[in-house]
Asks: 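First the structure, which I've put down as structure tokens, then a few questions once you've had a look.
Remember, it's 1-based here, ligands and their atoms both numbered in the order they're listed.
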Amino acid sequence: MNRGVKQLDELTQKQLETWAKEAQRRSQLGQLPTYIPQLAQVNPQEVVVQILTLTGKSFQAGNQSLRFPLMSVMKPFLLLNRLVELGEDEVFKRVGVQPSDQPFNSLEQLQADDGWPRNPMLNSGAIALAALLPGQNAGSRCDYLCSWLNQTAHCQLVLDQAILESVRSAPNPRNQRLIARLQGSGYVEHPDLTLDTYNQICCLSATISDLAELGLLLVKPPDLKWQVPSRMVKALMMTCGLYEASGQFAVDVGLPTKSGVSGAVLSIIPQQGAIACYSPPLDPEGNSVGSLFLIQKIAQSLGLSVFN
Ligand code: GLN
């Protein structure tokens with residue numbers, strides 16, 4: 001579609017506020033996750049959104065200073081970092097690009113694939129990539145990724161120690177089994193170090209503006225060297241970013257999108273901008289009900305699907 005005007009720029013602040021209120025009502029259909037104790041204690045009513053456009057516009061609703069852990073929304077940026085620094089050959093020797101109809105922490109998928117991590121948006125794939133970060137210990141590996149992103153995306157990600165303690169207080173048996181299987185198949189050498197690195201990366205926290213800035217990295221790569229990696233990351237967000245719901249969302253909305261179990265969601269509108277949302281209650285696939293509703297409303301109303 002080329003109407004001479006970027007569709008995202010036609011959004012109005014008033015529309016966004018109305019839709020955010022509707023998203024808040026819909027979010028009551030979701031549930032807070034309980035397997036990370038601290039995520040069960042957040043305010044389920046919170047709906048926060050920020051949209052940044054390449055033309056320099058910004059739209060927002062909700063508490064812009066709230067910080068939240070990014071959780072799996074970090075996975076595309078871990079992939080981006082490894083692709084930029086190692087190149088696609090090295091990275092895709094360690095993780096696949098196939099979608100999955102299994103949940104994000106599925107051991108069954110990894111077993112069925114003989115220990116090969118199917119894609120980088122699943123826990124298995126992100127753990128395999130966390131194993132490739134440089135650094136002596138989990139803290140320095142997580143810092144490395146965090147500083148790289150803060151410098152290039154002009155954001156201020158910070159490790160949330162309280163949520164990290166909460167994750168460590170309730171060790172996740174599924175992730176432990178995933179990592180043991182990945183060690184068995186040779187994709188992870190140091191299981192404790194790698195699991196701790198992965199957990200720390202998931203506990204990087206952001207404001208909604210930080211998340212939208214991260215999104216712009218994928219819309220406007222800062223360097224020519226980032227162009228191909230950034231295209232690959234967006235393709236994998238489209239096909240795998242919402243786990244089992246990815247195919248339906250591609251049909252309904254048509255935007256590369258990644259969710260996290262905290263309720264954070266990031267969508268990319270190629271050539272135009274990024275939509276960052278946070279609303280904690282989740283649907284059965286582990287995706288934020290309010291955030292997905294809001295992104296769908298914006299995308300359908302403005303005709304943003306990349307397939308238009
Ligand atoms: N740290 C979380 C986990 O591994 C991330 C998962 C998610 O956000 N879907 O369970």
Side-chain angles (χ1 to χ4, degrees), residues 30-40 42 68-79 95 99-110 117-131 133 138 141-142 145-146 157 159-182 188 191-206 211 214 236-237 240-246 249 257-267 276-292:
Q31 301 280 331
L32 293 183
T34 52
Y35 76 99
I36 298 175
Q38 190 152 320
L39 291 184
V42 300
F68 48 87
L70 290 171
M71 292 287 155
S72 287
V73 179
M74 279 302 297
K75 289 170 179 168
F77 298 99
L78 172 60
L79 173 65
V95 67
S100 166
D101 62 359
Q102 296 296 305
F104 63 91
N105 52 12
S106 172
L107 181 65
E108 294 72 15
Q109 182 71 77
L110 187 61
R118 178 174 277 239
N119 75 60
M121 304 299 149
L122 292 172
N123 288 11
S124 56
I127 290 170
L129 290 183
L133 281 170
R141 290 179 176 207
C142 176
L145 179 63
C146 181
L157 307 185
L159 181 63
D160 181 333
Q161 288 290 350
I163 187 98
L164 182 59
E165 287 315 313
S166 184
V167 168
R168 287 174 174 161
S169 74
N172 180 340
R174 294 198 76 88
N175 284 345
Q176 285 173 327
R177 278 186 224 122
L178 287 175
I179 209 146
R181 186 68 188 85
L182 287 167
V188 163
D192 294 341
L193 168 73
T194 303
L195 188 53
D196 201 31
T197 306
Y198 167 78
N199 283 335
Q200 293 202 29
I201 290 170
C202 290
C203 292
L204 288 173
S205 70
L211 183 54
L214 279 177
L236 285 158
M237 287 170 76
C240 311
L242 299 176
Y243 317 115
E244 313 95 291
S246 305
F249 200 76
T257 298
K258 185 72 201 83
S259 64
V261 75
S262 54
V265 180
L266 177 66
S267 284
C277 289
Y278 171 76
S279 164
L282 306 179
D283 64 19
E285 283 87 28
N287 297 319
S288 163
V289 175
S291 299
L292 291 194

Asks: Of all the heavy atoms in N105, does at least one lie under 4.0 Å from an atom in ligand 1?
Replies: no

Asks: More than 12 non-hydrogen atoms from neighbouring residues, nucleotides or ligands closer than 6.0 Å to CD on E165, yes or no?
Replies: yes

Asks: When rounded to the nearest 0.5 angstrom, what distance separates CD1 in I127 from CZ in R181?
Replies: 13.5 Å

Asks: Residue-level breakdown please: for V261 versus ligand 1, do any non-hydrogen atoms fall below 4.0 Å on the side chain, on the backbone, on both, or on neither?
Replies: both

Asks: Out of P69, C203, S72, who gets a non-hydrogen atom closest to atom 6 (C) of ligand 1?
Replies: S72

Asks: F104 vs Y243 aromatic rings, parallel, tilted or perpendicular, using cut-offs 30° and 60°?
Replies: tilted

Asks: Using heavy atoms and a threshold below 4.0 Å, how should the contact between N199 and ligand 1 be classified: side chain, backbone, both, or neither?
Replies: neither

Asks: Taking non-hydrogen atoms only, is V167 closer than 4.0 angstrom to ligand 1 via side chain, backbone, both or neither?
Replies: neither

Asks: Taking the side chain from K258 and the backbone from G241, do they hold a donor-acceptor pair closer than 3.5 Å?
Replies: yes

Asks: Just by distance, do the side chain of S279 and the backbone of S288 share a donor-acceptor pair under 3.5 Å?
Replies: no

Asks: Atoms of ligand 1 less than 4.0 Å from G260 heavy atoms?
Replies: 8 (O)

Asks: Can you sort out which atoms of ligand 1 are near N172, meaning under 4.0 Å from one of its heavy atoms?
Replies: 10 (O)

Asks: Check ligand 1 against C202 and write out every atom of the ligand that is under 4.0 Å from a heavy-atom position of the residue.
Replies: 1 (N)

Asks: Any N/O of Y198 closer than 3.5 Å to an N/O of ligand 1?
Replies: yes

Asks: In Å, rounded to the nearest 0.5 Å, how long is the span from CZ of R177 to CD of E108?
Replies: 9.0 Å

Asks: Between OG of S246 and CG of N119, what distance do you get to the nearest 0.5 Å?
Replies: 8.0 Å

Asks: Atom 2 (C) of ligand 1: which of Y243, F104, Y35 has the nearest heavy atom?
Replies: Y35

